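It should be emphasised that the depicted structure is a prediction, and the values quoted were computed from it without experimental measurement.
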Amino acid sequence: MLTEKKPDEIIASGVVESLQNFLRKCIIAVLSYGPMPKHIAFIMDGNRRYAKSRSIKQGTGHSVGFAALMASLIYCYEMGVKYITVYAFSID
């Protein structure tokens, strides 16, 4: 069942989102002044432990890890990183 957000909640969520976008752009601008790596590698590890520590399903832990990876990839793209390697291992 979906609940309607109150006007104050809508405004607050918009303000928070705008602040996050502003801070991200500021951080990227500062980092862009230094030497930017051409290649970054991510090793995906700990999604199962993350889920277990929060008493949630393993699949949810993997979904959260995927969302974090996607956000990181967007940041890398915005900073001009040309190559990304992602290493993911599964025992399933």
Side-chain angles (χ1 to χ4, degrees):
M1 179 176 194
L2 296 175
T3 59
E4 287 190 36
K5 288 187 176 183
K6 296 177 185 173
D8 292 343
E9 292 173 338
I10 294 170
I11 292 170
S13 66
V15 169
V16 169
E17 186 176 331
S18 295
L19 181 59
Q20 287 173 335
N21 288 334
F22 174 75
L23 289 174
R24 184 180 86 243
K25 288 177 183 179
C26 287
I27 290 169
I28 289 170
V30 168
L31 292 174
S32 296
Y33 280 106
M36 190 58 57
K38 293 180 182 175
H39 182 215
I40 295 179
F42 294 95
I43 300 173
M44 303 298 291
D45 185 32
N47 295 326
R48 229 178 249 101
R49 283 189 303 275
Y50 175 86
K52 186 176 180 182
S53 71
R54 286 163 178 75
S55 301
I56 57 178
K57 294 180 183 178
Q58 286 182 8
T60 303
H62 291 299
S63 296
V64 172
F66 177 75
L69 175 64
M70 296 285 45
S72 299
L73 293 176
I74 291 169
Y75 297 151
C76 289
Y77 175 79
E78 290 175 350
M79 290 187 295
V81 177
K82 298 205 181 277
Y83 304 99
I84 303 291
T85 298
V86 177
Y87 178 78
F89 178 77
S90 176
I91 59 174
D92 293 337

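Residues Met70 and Ile84 share a single hydrophobic cluster, defined by chaining ILVMFWY side chains whose heavy atoms lie under 4.5 Å apart. Grouping the Ile, Leu, Val, Met, Phe, Trp and Tyr side chains by contacts below 4.5 angstrom, directly or via other members, places Ile74 apart from Met79. Taking hydrophobic clusters as Ile, Leu, Val, Met, Phe, Trp and Tyr residues chained together by side-chain heavy-atom distances below 4.5 Å, Leu19 does not share a cluster with Val30.
When side chains are defined from C-beta on, Leu73 counts as touching Phe42, because their heavy atoms get closer than 4.5 Å. Put simply, the side chain of Ile27 does not reach to within 4.5 Å of the side chain of Arg24, judged on heavy atoms.
Heavy atoms only, all atoms of each residue included: Leu31 and Met36 are closest at O-CE, 3.4 Å. Across Cys76 and Ile40, no two heavy atoms sit closer than the pair SG-CD1, 3.9 Å. For the pair Met44 and Gly65, the tightest heavy-atom approach, listed with the atom from each and the gap, is CE-O, 3.4 Å.
To the nearest 0.5 Å, the span separating OH on Tyr75 from OG on Ser72 amounts to 7.5 Å. Rounded to the nearest 0.5 angstrom, Leu23 CG and Ser18 OG are separated by 11.0 Å.
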Original post:
Should Tyr50 and Ile56 be marked as a side chain to side chain contact (heavy atoms under 4.5 Å, CB included) after you check the CA-CA gap, both sets of side-chain angles, and the distance that decides it?
Top reply: CA-CA 9 Å; Tyr50 175 86; Ile56 57 178; 4.2 Å; yes
